[in-house]
Amino acid sequence: MARYNPAAAEPKWQKAWDEKDCFAAGRHSERPKYYVLEMFPYPSGKIHIGHVRNYAMGDVIARFKRARGFDVLHPMGWDAFGLPAENAAMQTGGHPKDWTYGNIEVMREQLKRMGLAIDWSREFATCDPEYYVHQQKLFLEFLQKGFIERRESLVNWDPVEMTVLANEQVVDGKGWRSGAPVERKSMSTWFFKITDRAEDLLDALDDGRLEGWPAHVKEMQRNWIGRSEGLMMAFPLSGDDLPQDKLPIYTTRPDTLYGASFLGVAPDHPLATHFAEKDPEAAAFIAECQAQGTSEADIEKAEKKGFRLPVTGRHPFTDEELPVYIANFILMQYGTGAIFACPAHDQRDLDFARKYKLNVIPVVCPPDADPSSFEVADEAYVGPGTMMMSGFLDGLPAEEALPAAIKKIEEMGWGEGTTNYRLRDWGLSRQRYWGCPIPIIHCDNCGVVPVPDDQLPVGLPPIDASEFKTPGNPLDRESTRAWREVACPQCGEMARRETDTMDTFVDSSWYFARFASQPEDQPVEKAEADAWMPVQQYIGGIEHAILHLLYARYFTRNLQECGYTEISEPFTNLFTQGMVTHETYRDLNGNWRLPEDVRYQSAPAGEYPDAGYQQIQEWVGRGAHGGLQHTLFEKALSNESFLEAYYKQHEERFGYHYVGANGLELPVLIGPIEKMSKSKKNVVNPMAMADAYGADAVRFFMLSDSPPERDVEWTEAGAEGAWRFANRVYETVAKGEGIMRGCAAMPTELSDDLMALRRTTHKTIAGVTGDIEHFRFNKAIARLYEFLGACKNLRSDGDAAPVAAEALGVLTQLTAPFMPHLAEECWELLGGEGLCTDAAWPEANEALLTEDVVTLPVQVNGKRRGEIKVAPDAAEDAVKEAALAQRDVARFMEGKTVRKVIVVPGRIINVVAG
RNA sequence: GCGGAUGUGGCGGAAUUGGUAGACGCGCCAGAUUUAGGUUCUGGUGUCUUAUGGCGUGGGAGUUCGAGUCUCCCCAUCCGCACCA
């Protein structure tokens, strides 16, 4: 019998789908629409296995929904602007554009090899002028509507990438890609006023609009937006030579105002800066604060430090004069950059007060403490309690004192209750070449002038590849002068183009809308876009939980307000898939080794039953490993430096070996299973795997081993398992060759074994359907394995023929979303009509989902002792009787009396006896 | 520190509302076939015990006829946020 041959079958069926244009969206107006999207890839060079997992998931959904009668939109494109292209240009001497489009060519072919059900007619790259022209139009529209503004501010400067970064792109005080410590710089740059929408972005997380999102992603966004309710108020200042007569502060604990013992400002607060101009000591203190690191570890170690300013602030309730300090723990970016400090109820304030011997006045008394003697020692009390030493607030519970204090301050006209957000505006300017140009002209006479519509797009000037050898932005150099210097559209005088380009996260903030609708004259056509949007199922990595997903939500609100869509939330259901991991390998020199260099060779088990072998086995930690190769083994025992190396890495395992380029066999150490990364070389090439096992097997394995939200370890054994499955399906189906062609109708009466098979068939349909709908791909696949086992020995004569045809057809169709090529091959073999891809998803027959006879376990005192077979609708008394009469149950009941019998219909019987 | 998860065989993982713990895959063991092997097929595989049986879901308590699942307290791991006033 011929084996399944993926190398021949896969291109054949891809061609067939292509010729029929199977996956074009929008051709069935009568069908309900379904939009499934995976986060589009950055064209880095070639597809990695993580892409395969991501797109395989989307593909299962797309094919499944299509078979279920939806008109499915499943597009693909390229997030194509970005710094790696410039870095590649710097290293290879090419042009970012050539590099990018070259990569796209390669990756498109690789994706096509995976047999994805994608509507390729909608493909675009964000670096296509046809795409970014609309992004420039949107920029100008947003600017006009006031969603964007230009302002001078302190920005995060990445000294390695030589560009500004958004707050979201600074991790632990370091650039998200370069890892270089970020510097603070004052620059004039463009901002999306995302804070204007902070409230709605937050509200939507809880009001049901994002019910289909994972809770942890919503939690991350909630934290990032960081809403807090509090009081904004100003303390009147006294002192000589003041730059301001009041100090505005923000607090979430106005209830503790009576416990105030000092005021504090951030080192870069204007008040601090003012006094530093005349006082070198103050200046020195500020400099010291700024040198302090911002990483987690630095903050842990940092002592609370302050510098006393020659100023005091008047307390609103007591009229007491409070000292004012510059304090190193206050952040200029949060609130107003100034605080009032209540040491008794804030740990940082307490540390500070102890150091500078300031008052510690407890004003909230814990429920179980005595107000007359309650004191705070080294630990601030932050729990609930009753107000004390607090004038008009005394005796109130703290949670009531809070609004009362706000009310009082508002009545005094000193401040008001406000909502504060941690989220800050999204800086979009980047000092890079390979990005979407910001369509603005700067004119000495007219200021900031938008580029007129008829001059769009503002393209990127062609520049020599050698320009990229110099760090910095090539758009801001002599070589691009002709591009930069233009006439002002308003006054006609010579003016200067904006040389910054947009953050690439702008590109990915609306691409999903453009997939849905691609008119030439505007970003999207509303009716067409809304016919598809929102994206019903979005799939991507958790690493975008904040950046991309927050920006896209914000952008959609802008689009809505500009009338491009009705929706405010772009993604109804979000699924964040886990990463693909692999073992790591290092040779004795400590160099990382590629999995493909590591050869697997078995050693006869137990051939070295001496003490040394036992020792190695112990280190290996996996008993009879069988994977130890004896030459390696001898080396291990005789080579002291190897053993030493092994001791050094005792947490790693030992095994296998690799064959070096010079033909020498060298041992390798097997390290921990980690996310695949180029630096650790634990990557596998999905195309090489597709060559070896077929694209179907690679897709299948990526979905079979772990729940999709969890990390999955790539193993060759697993891929082999998938390959074995494909072959077994094919061989099983081959036994029923042509069986679907002219098959007899299903007889009304069937023998028990045929009936049982039909039940299994329909239960499998119901199970797999539910599993796919709920993203339980691993379970769906487990069911397919089981069902394959049930189909193994089926007969195809007489009455059995229609039953077998049904079973094999269903097996083929249920396998199709996972292994689409194999399914077509099987469908053809069975004599199915048309393409399997076009066939309607099988429906489970409800009547076949229940059994005639059910087997119920019988417990005695909670322990399973036997089982009985009864009709599912048998009367409770009859079930009880049968249970008690059962032989094993009766044996356990000897000498005991029945106290109670619990019957859970269709589930279990428990006899309580004593 | 705050918040969120997770903890089940040698491994990845199953187990509707509390109702037969370990589906399915990998690995391993035995047998068959083959061409020397990789391959393929069949059977076995939580653990202790000669066995009837006992014990088993990170640890400890509790609720219940019955707990992997619910409650409380611990422990461990992972993730996110963090001098956020």
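Convention: sequence-line order gives letters A, B, ...; per-chain numbering from 1.
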Can you list, pair by pair, the side-chain donor-acceptor contacts under 3.5 Å of residues 255-262 of chain A, counting residues two or more places apart and other chains?
{"from": "A/Asp255", "atom 1": "OD1", "to": "A/Arg253", "atom 2": "NE", "distance (Å)": "3.1"}
{"from": "A/Asp255", "atom 1": "OD2", "to": "A/Arg253", "atom 2": "NE", "distance (Å)": "3.3"}
{"from": "A/Asp255", "atom 1": "OD2", "to": "A/Arg253", "atom 2": "NH2", "distance (Å)": "3.1"}
{"from": "A/Thr256", "atom 1": "OG1", "to": "A/Arg253", "atom 2": "O", "distance (Å)": "2.9"}
{"from": "A/Ser261", "atom 1": "OG", "to": "A/Asn359", "atom 2": "O", "distance (Å)": "3.1"}

Restricting both atoms to N or O, compile the protein contacts to nucleotides 54-56 of chain B shorter than 3.5 Å, with distance only.
{"from": "B/G54", "atom 1": "OP1", "to": "A/Arg865", "atom 2": "NH2", "distance (Å)": "3.2"}
{"from": "B/G54", "atom 1": "OP2", "to": "A/Arg865", "atom 2": "NH1", "distance (Å)": "3.3"}

Please list, for nucleotides 35-40 of chain B, all pairs of protein and nucleotide N/O atoms separated by less than 3.5 Å.
{"from": "B/U40", "atom 1": "OP1", "to": "A/Arg724", "atom 2": "NH1", "distance (Å)": "3.4"}

_Those residues that, when tested against A/Lys880, pass side chain to side chain donor-acceptor pair (under 3.5 Å) (two or more places apart)_ = none

*With respect to the phosphate group of B/G13, does any side-chain polar atom (N or O) of A/Arg710 fall under 4.0 Å of OP1 or OP2?*
yes

*Side chain of A/Lys779, base of B/C24: donor and acceptor closer than 3.5 Å?*
no

*Rounding to the closest angstrom, what is the interatomic distance between B/C81 and B/U20 at atom C1'?*
44 Å

*B/G3 versus B/C48 - spacing of their P atoms, nearest Å*: 43 Å

*Does the side chain of A/Tyr334 get closer than 4.0 angstrom to OP1 or OP2 of B/A85 through an N or O atom?*
yes

*Interatomic distance at C1', B/U63 relative to B/C70, whole Å*: 8 Å

*asked:* ring pair (Phe, Tyr, Trp, His ring centres under 6.0 Å), that's the test. Do A/Phe307 and A/Tyr325 meet it? Break it down for me.
replied: CA-CA 5 Å; A/Phe307 183 88; A/Tyr325 286 83; 8.7 Å; no

Listing, residues 337-349 of chain A side-chain donor-acceptor contacts under 3.5 Å, not counting sequence neighbours, or none:
{"from": "A/His345", "atom 1": "ND1", "to": "A/Tyr381", "atom 2": "O", "distance (Å)": "2.7"}
{"from": "A/His345", "atom 1": "NE2", "to": "A/Val363", "atom 2": "N", "distance (Å)": "3.0"}
{"from": "A/His345", "atom 1": "NE2", "to": "A/Val364", "atom 2": "N", "distance (Å)": "3.1"}
{"from": "A/Asp346", "atom 1": "OD1", "to": "A/Arg348", "atom 2": "N", "distance (Å)": "2.9"}
{"from": "A/Asp346", "atom 1": "OD1", "to": "A/Arg348", "atom 2": "NE", "distance (Å)": "3.2"}
{"from": "A/Asp346", "atom 1": "OD1", "to": "A/Asp349", "atom 2": "N", "distance (Å)": "3.1"}
{"from": "A/Asp346", "atom 1": "OD2", "to": "A/Arg348", "atom 2": "NH2", "distance (Å)": "2.6"}
{"from": "A/Gln347", "atom 1": "OE1", "to": "A/Ala380", "atom 2": "N", "distance (Å)": "2.9"}
{"from": "A/Gln347", "atom 1": "NE2", "to": "A/Asp351", "atom 2": "OD1", "distance (Å)": "3.1"}
{"from": "A/Gln347", "atom 1": "NE2", "to": "A/Asp378", "atom 2": "O", "distance (Å)": "3.1"}
{"from": "A/Asp349", "atom 1": "OD2", "to": "A/Cys342", "atom 2": "N", "distance (Å)": "3.0"}

*Tell me which of A/Ile781 and A/Lys900 sits closer to the 5' end of RNA chain B, going by the nucleotide each one is nearest to.*
A/Ile781

Output a table of nitrogen or oxygen pairs between the protein and nucleotides 2-5 of chain B separated by less than 3.5 Å.
{"from": "B/G3", "atom 1": "O2'", "to": "A/Glu219", "atom 2": "OE2", "distance (Å)": "3.0"}

*asked:* Strictly below 4.0 Å, N to O, side chains only: are A/Glu229 and A/Arg227 in salt-bridge contact?
replied: yes

*To the side chain of A/Asp705, which of B/G12, B/C65, B/A85 is closest?*
B/G12

*So does A/Arg348 get a side-chain nitrogen or oxygen closer than 4.0 Å to the phosphate oxygens (OP1/OP2) of B/C84?*
yes

*Among the candidates B/C24, B/A14, B/C83, find the nucleotide nearest to the side-chain atoms of A/Lys304.*
B/C83

*asked:* Can you work out whether A/Arg253 or A/Gly721 has the more 5'-proximal nearest nucleotide on RNA chain B?
replied: A/Gly721

*Residue-level proximity of residues 786-793 of chain A to RNA chain B when a heavy atom falls under 4.0 Å*: A/Glu786, A/Lys792

Heteroatom pairs (N/O) under 3.5 angstrom, protein to nucleotides 18-22 of chain B:
{"from": "B/U20", "atom 1": "O2", "to": "A/Arg864", "atom 2": "NE", "distance (Å)": "2.9"}
{"from": "B/U20", "atom 1": "O2", "to": "A/Arg864", "atom 2": "NH2", "distance (Å)": "3.2"}

*In dot-bracket form, how is RNA chain B paired, counting a Watson-Crick or G-U wobble pair only if both its distances are under 3.5 Å and using | for bases paired to another strand?*
(((((((..(((......[....)))((((((.......))))))(((....)))..(((((..]....))))))))))))....

*Qualifying residues under ring pair (Phe, Tyr, Trp, His ring centres under 6.0 Å), relative to A/Tyr785, sequence neighbours excluded*: A/Phe725

*By side chain to side chain donor-acceptor pair (under 3.5 Å) - contacts of A/Glu416 (at least two apart)*: none

*Give a yes or no on whether a salt bridge exists between A/Arg728 and A/Glu731, defined as a side-chain N under 4.0 angstrom from a carboxylate O.*
no

*asked:* Name the residue from A/Val858, A/Val903, A/Ile902 that meets the side-chain contact (heavy atoms from CB on, under 4.5 Å) definition with A/Val911.
replied: A/Val858

*asked:* When you measure from the side-chain N and O atoms of A/Asn778 to the phosphate of B/A14, is any distance below 4.0 Å, counting only OP1 and OP2?
replied: yes

*asked:* Considering only residues two or more places apart or on different chains, which pairs with a residue in residues 764-792 of chain A satisfy salt bridge (charged side-chain N to carboxylate O under 4.0 Å, His left out)?
replied: A/Arg68-A/Glu773, A/Asp771-A/Arg776, A/Asp771-A/Arg783

